[in-house]
Amino acid sequence: MTAITKKGTVCWRCHAPHSGGHFCAACGKIQPLARGTDYFAFFGLPQKLWLDCAELEKLFHQLSWKLHPDNFVRAGEYERELSLERSSQLNDAYRALRDPVARVEYLLAHAGMRKEGAAKQQAPPELLEEVFELNESLDELRTARASSTDDSHLASLKQHLEAEERKLETKLREVDEELKRIATEWDAAFDAGADQSQRKALMSRMNDVLNRRSYIRNLVANVQKELAEA
Amino acid sequence: MAYSDKVVDHYNNPRNVGSLDKNDPNVGTGLVGAPECGDVMKLQMKVNPQTQVIEEAKFKTFGCGSAIASSSLATEWVKGKTVEEALAIKNTEIVKELSLPPVKIHCSVLAEDAIKAALNDWKKKQASAAEQPAAAAQQ
Ligand code: FES
Ligand SMILES: [Zn+2]
């Protein structure tokens, strides 16, 4: 385990210098987490967006085995607490990093960019317009279903929505591709030691894409739900 | 999570649902969304150009109960107010009136944003309407 930063601390137990990681290198005792440790550092990984999922899973299993409260039943209360807390953090960390989109979400949230009200730029007007119109079609479908006097009207509405759903799925794939491209740029910038402002710029582009993605996802879910009932 | 009585009331009897003619020069339209949840809200207001008083307000929201209640309340509040007064409405006042919990604050932000967007749209229309005759006079 490397990379968990905050140098200059010492082990709470044996006072050997401790350079991060979950355990003391000298005595092997579980250590409190250095402040500001993010989920990447939790696994000893750099803050990069491309991750080998098999590797991550391996790290997860290793850590969950090492941190498991069962290993601490005979330890002192402090260590038991640390192990309990760390095990649940491990699950959160794994869940956040396992999925590529959740990983970007996490990176931005950790940088304070997904906060409510933060970076509150609106989605492109055309997208909002489209979301609004499709929602109106969904409303129309609901009404038509409730009255069910005009079957051909209902059928044509359904057809329209099915076509829209296919378009949305395509859009979702495009958005995911775009996110992937920016993530690649992020990793390259990371390797090149990009400065704060370059990172910020990349994060704000990712933030835009995530926002658009969330409208489209929501819409796909709504359309699917209505079509399933229609 | 339980909704407050006021939210439930607005949700069950939303005020001023509908739309106004968006091509009317005295109507401002605001369409905004909340990226957190993907909900959208459209708010329209008709302003009297002489008095600057908002005479009519309509909304349509596709979103959660709090967003519907926030926009419904917003239309009630803006009616009879001047443009300046309406622009001063803060989402925190909506939060307070509807007793929204912290996770629902963004729904009230949406309503504040919608008011601002609609009135900005109206102002833009007014400005371009004022320019038009001048441009025509030059020819
Ligand atoms: S949950 Fe999104 S507007 Fe309320
Ligand atoms: Zn030690």
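So you know, we letter chains A, B, ... as the sequences are listed, proteins then strands, and number each from 1.
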J.: Around B:Lys81, counting heavy atoms of other residues, nucleotides and ligands shown, do more than 12 lie under 6.0 Å from its NZ?
T.: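 Enclosed: over 12 neighbouring heavy atoms sit under 6.0 Å from NZ of B:Lys81.
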
J.: Check this for me: A:Phe60, atom CZ, are more than 12 non-hydrogen atoms of other residues, nucleotides or ligands nearer than 6.0 Å?
T.: yes

J.: Side chain from CB out, backbone as N, CA, C, O: work out which of these in A:Asn222 comes under 4.5 Å of a heavy atom of chain B, or both, or neither.
T.: neither

J.: If you look at every heavy atom in A:Ser214 and B:Gly38, which pair is closest and at what distance?
T.: OG-N, 3.8 Å

J.: For residues 153-162 of chain A, run the donor-acceptor check on the side chains, cut-off 3.5 Å, and write out each pair with its distance to 0.1 Å, sequence neighbours left out.
T.:
| unit_1 | atom_1 | unit_2 | atom_2 | d |
| --- | --- | --- | --- | --- |
| A:Ser156 | OG | A:His153 | O | 3.1 |

J.: Pairs under 3.5 angstrom only: tabulate donor-acceptor contacts from the side chains of residues 126-135 of chain A to other protein residues two or more places apart or in another chain.
T.:
| unit_1 | atom_1 | unit_2 | atom_2 | d |
| --- | --- | --- | --- | --- |
| A:Glu130 | OE1 | A:Lys171 | NZ | 2.6 |
| A:Glu130 | OE2 | A:Lys171 | NZ | 2.9 |
| A:Asn135 | ND2 | A:Val131 | O | 3.0 |

J.: Check whether A:Tyr215 reaches the backbone of B:Ala34 with its side chain - one donor and one acceptor, N or O, closer than 3.5 Å.
T.: yes

